[in-house]
Amino acid sequence: MNNSPLSNKNNRESVSISDELHPYNVDNIDGQIQNLLTTMSKVGFLIDVEVINNLEVEVEDLLKKLSVRIFHHIGYDINLNSSKQIAKLLYEDLELPSGKKKKTGFSTDEVTLKKIKKLHPIIPLILEYRTVYKLKSTYLESLRCRIEEDGRIHSTFLLDVASTGRIVSRDPNLQNIPIRGSWGEKIRKAFIVPCEKILIAIDYSQIDLRVLTHFSKESKLIEAFKQNQDIHLSTAMEIFNKKASDITADERRIAKTVNFGIIYGISPHGLSESLEINQKQAAYFIKTYLDKYPQVKQYLDLSRQNALKNGYTETLGGEKRYIPELKSKNHFIRSSGERMAINYPIQGSSAEIIKLAMLDIDCEFVRRKLSSSKMILQIHDELVFEVENEEKDAVIKIVKEKMENVVKLIIPLKVSIKEGVNWGEMTEILKLEMAIK
DNA sequence: CCTGACTCGC
DNA sequence: ATGCGAGTCAGGG
């Protein structure tokens with residue numbers, strides 16, 4: 001019986017160390033995972049090119065209509081892909097109120113334009129044009145050109161690119177395929193599996209907040225996760241001092257943003273921007289949060305202090321990131337360093353956990369000879385598999401077990417599981433019709 | 001060829 | 001002036 005949270009007896013050679021600070025062994029994770037990433041790249045993701053082609057026609061048509069309507073409104077043509085020309089149109093020719101200034105002129109980004117959306121009918125049209133053009137250029141044309149002779153897209157997965165230890169996908173990037181809105185579903189329907197196979201996607205539920213809970217030992221968060229509560233709702237109940245049934249959708253949304261903000265080391269200004277509220281209110285939300293979760297406050301303070309003292313922060317597995325910015329005399333650079341000091345242990349530990357789970361799963365697939373099922377994609381807190389129908393139950397059981405038990409935190413890790421015949425129509429598997437362990 | 005602006009993901 | 005990434009385009013060199 002191996003007491004170590006990382007009880008891999010197969011081909012992980014490293015010795016498990018288990019102490020308070022480094023509760024699991026992470027010796028050379030990246031070296032061990034390299035082969036797996038190369039295999040994932042070679043396997044690739046099967047694409048239904050017809051779905052892409054049909055969408056391209058639809059999108060082409062829509063872009064044409066949108067540009068005609070915009071040009072008809074203003075009486076002349078411009079390049080709608082040029083933010084410089086959009087700025088001239090909106091802020092000079094139409095004399096609309098301009099927001100924040102960038103290096104090269106006034107901003108025309110989505111947040112800015114949404115604020116003046118009602119002042120002129122072309123603004124929603126411009127926003128829609130941008131969305132659809134992005135889809136066409138990045139996710140239709142470009143992706144179609146990258147389909148290889150086997151009908152698949154083969155992304156490259158890299159370590160040693162992200163400073164937090166995350167895996168990076170590029171050429172093409174399959175970690176940022178749209179998921180929200182109707183376009184997200186439409187594009188993801190093009191990502192398919194061969195007949196007799198099924199797509200399985202498993203993602204960690206709230207892994208960053210669970211890691212924060214582990215580090216901070218915050219009793220309220222421990223309780224919430226042990227009881228498997230809706231964590232944003234639970235935060236909303238604390239911040240607004242209300243019972244669950246009285247929390248509105250808007251209050252939950254605010255709590256969700258605060259939760260993310262804590263992990264990113266957000267300031268009242270940053271929170272006010274993203275919630276579109278004033279800074280005083282934003283500061284109040286942050287203060288209330290930290291009052292209600294005092295161990296989180298203590299952890300964050302200690303995180304910054306130790307980072308300054310040592311010059312680095314570290315993950316659960318002891319991976320260090322040096323942060324020289326903390327000693328900068330420039331306030332902006334120093335604040336940025338403080339945010340890195342907060343964020344790195346959380347994001348970096350999450351990255352380690354899923355990389356360890358990937359290794360465990362890979363080992364178990366080999367051991368169980370599940371040779372027709374393949375891990376094809378990792379998206380930070382999610383793994384995607386192309387699975388033989390007959391192997392489905394076994395795969396789900398293994399992946400869930402490995403992901404949830406790869407390390408022992410002071411609270412459980414939890415995954416949610418989805419299946420589908422394509423990536424756009426995935427349904428959650430709630431009932432696990434599986435044999436007893 | 002590079003940088004800035006923008007938008008996509010976690 | 002909230003963390004970590006990638007890709008596309010315009011515009012300038």
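Numbers restart at 1 for each chain; the letters A, B, ... are given by sequence-line order, proteins then strands.
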Which one, dA5(B), dT2(C), dG3(C), comes nearest to the side chain of I266(A)? dT2(C)
Could you please name the option among dA6(C), dC4(C), dG4(B) that lies closest to any side-chain atom of N343(A)? dC4(C)
Mind calculating the distance between CD1 (I323(A)) and C1' (dC4(C)) to the nearest angstrom? 13 Å
Y344(A) vs dC4(C): side-chain N/O to OP1/OP2 distance below 4.0 Å: no
Between the side chain of Y289(A) and the main-chain N/O of T235(A), is any donor-acceptor distance below 3.5 Å? no
Less than 4.0 angstrom between a side-chain N/O of K84(A) and OP1 or OP2 of dG12(C), yes or no? yes
Which whole-number value in Å describes the distance from L271(A) CG to dG3(C) P? 13 Å
Hey, does D171(A) reach any base, or is it just sugar-phosphate, or nothing, if we go heavy atoms under 4.0 Å? sugar-phosphate
Rounded to whole Å, how long is the line connecting atom CG of L158(A) with atom C1' of dC4(C)? 15 Å
How are the rings of F45(A) and W423(A) set to each other: parallel, tilted or perpendicular (split at 30° and 60°)? tilted
Between dA1(C) and dG4(B), how many Å separate the two P atoms, rounded to a whole number? 13 Å
Evaluate the ring planes of F260(A) and H232(A), with Trp represented by its six-membered ring, and classify them as parallel (under 30°), tilted (30 to 60°) or perpendicular (over 60°). tilted
W183(A) and Y139(A): aromatic ring centres closer than 6.0 Å? no
May I have the list of side-chain donor-acceptor pairs in residues 376-386 of chain A shorter than 3.5 Å, sequence neighbours left out?
from: Q378(A); atom 1: OE1; to: Q175(A); atom 2: NE2; distance (Å): 3.4
from: Q378(A); atom 1: OE1; to: H380(A); atom 2: N; distance (Å): 2.9
from: E386(A); atom 1: OE1; to: R152(A); atom 2: NH1; distance (Å): 3.0
from: E386(A); atom 1: OE1; to: R152(A); atom 2: NH2; distance (Å): 3.1
from: E386(A); atom 1: OE2; to: R152(A); atom 2: NH2; distance (Å): 3.2
from: E386(A); atom 1: OE2; to: K197(A); atom 2: NZ; distance (Å): 2.9

Does D291(A) come within less than 4.0 Å of K297(A), counting only side-chain N to carboxylate O? no
Starting from C1' on dT8(C), measure out to CG on N79(A) and report it in whole angstrom. 12 Å
Give a yes/no on whether any side-chain N or O of S142(A) is located under 4.0 angstrom from OP1 or OP2 of dT8(C). yes
Side-chain N,O (T138(A)) to OP1/OP2 (dA6(C)) below 4.0 Å: no
Pick base, sugar-phosphate or nothing for T257(A), based on heavy-atom distances below 4.0 Å to the nucleic acid. nothing
Is the shortest side-chain N/O distance from R339(A) to OP1 or OP2 of dT2(C) below 4.0 Å? no
I need the OH-P distance between Y133(A) and dT8(C), as an integer number of Å. 11 Å
Just checking R321(A): base, sugar-phosphate only, or nothing, at a heavy-atom cut-off of under 4.0 Å? sugar-phosphate
What is the distance, rounded to the nearest whole Å, between atom CD of Q378(A) and atom P of dG5(C)? 14 Å
In this structure, how many angstroms lie between the C1' atom of dA5(B) and the OH atom of Y129(A), rounded? 15 Å
State plainly whether the residues E110(A) and K114(A) are in salt-bridge range, i.e. N to O under 4.0 Å. yes
Would you list the protein and nucleotides 6-10 of chain B atom pairs, both N or O, that sit under 3.5 Å from each other?
from: dC6(B); atom 1: OP1; to: T108(A); atom 2: N; distance (Å): 2.7
from: dC6(B); atom 1: OP1; to: T108(A); atom 2: OG1; distance (Å): 2.9
from: dC6(B); atom 1: OP1; to: D109(A); atom 2: N; distance (Å): 3.4
from: dC6(B); atom 1: OP2; to: K102(A); atom 2: NZ; distance (Å): 2.8
from: dC6(B); atom 1: OP2; to: S107(A); atom 2: OG; distance (Å): 3.4
from: dT7(B); atom 1: OP1; to: R130(A); atom 2: NH1; distance (Å): 3.2
from: dT7(B); atom 1: OP2; to: E110(A); atom 2: N; distance (Å): 3.0
from: dT7(B); atom 1: O2; to: K134(A); atom 2: NZ; distance (Å): 2.7
from: dC8(B); atom 1: O4'; to: Y139(A); atom 2: OH; distance (Å): 3.4
from: dC8(B); atom 1: O2; to: N176(A); atom 2: ND2; distance (Å): 2.6
from: dG9(B); atom 1: OP1; to: I179(A); atom 2: N; distance (Å): 2.8
from: dG9(B); atom 1: OP1; to: R180(A); atom 2: N; distance (Å): 3.3
from: dG9(B); atom 1: OP2; to: R180(A); atom 2: NH1; distance (Å): 2.8
from: dG9(B); atom 1: O5'; to: R180(A); atom 2: NH1; distance (Å): 3.4
from: dC10(B); atom 1: OP2; to: R180(A); atom 2: NH2; distance (Å): 3.0
from: dC10(B); atom 1: O3'; to: I379(A); atom 2: O; distance (Å): 3.4
from: dC10(B); atom 1: O3'; to: D381(A); atom 2: OD1; distance (Å): 2.7
from: dC10(B); atom 1: O3'; to: D381(A); atom 2: OD2; distance (Å): 3.3
from: dC10(B); atom 1: O2; to: R166(A); atom 2: NH1; distance (Å): 2.8
from: dC10(B); atom 1: O2; to: R166(A); atom 2: NH2; distance (Å): 3.1

Would you mind classifying the nucleic acid contact of D203(A) as base, sugar-phosphate or nothing, using non-hydrogen atoms under 4.0 angstrom? nothing
Please report the distance, rounded to the nearest Å, between CD in Q279(A) and C1' in dT2(C). 13 Å
Between S163(A) and dG5(C), is there a side-chain N or O to OP1/OP2 distance below 4.0 Å? yes
Is D61(A) salt-bridged to K64(A), cutoff N-O under 4.0 Å? no
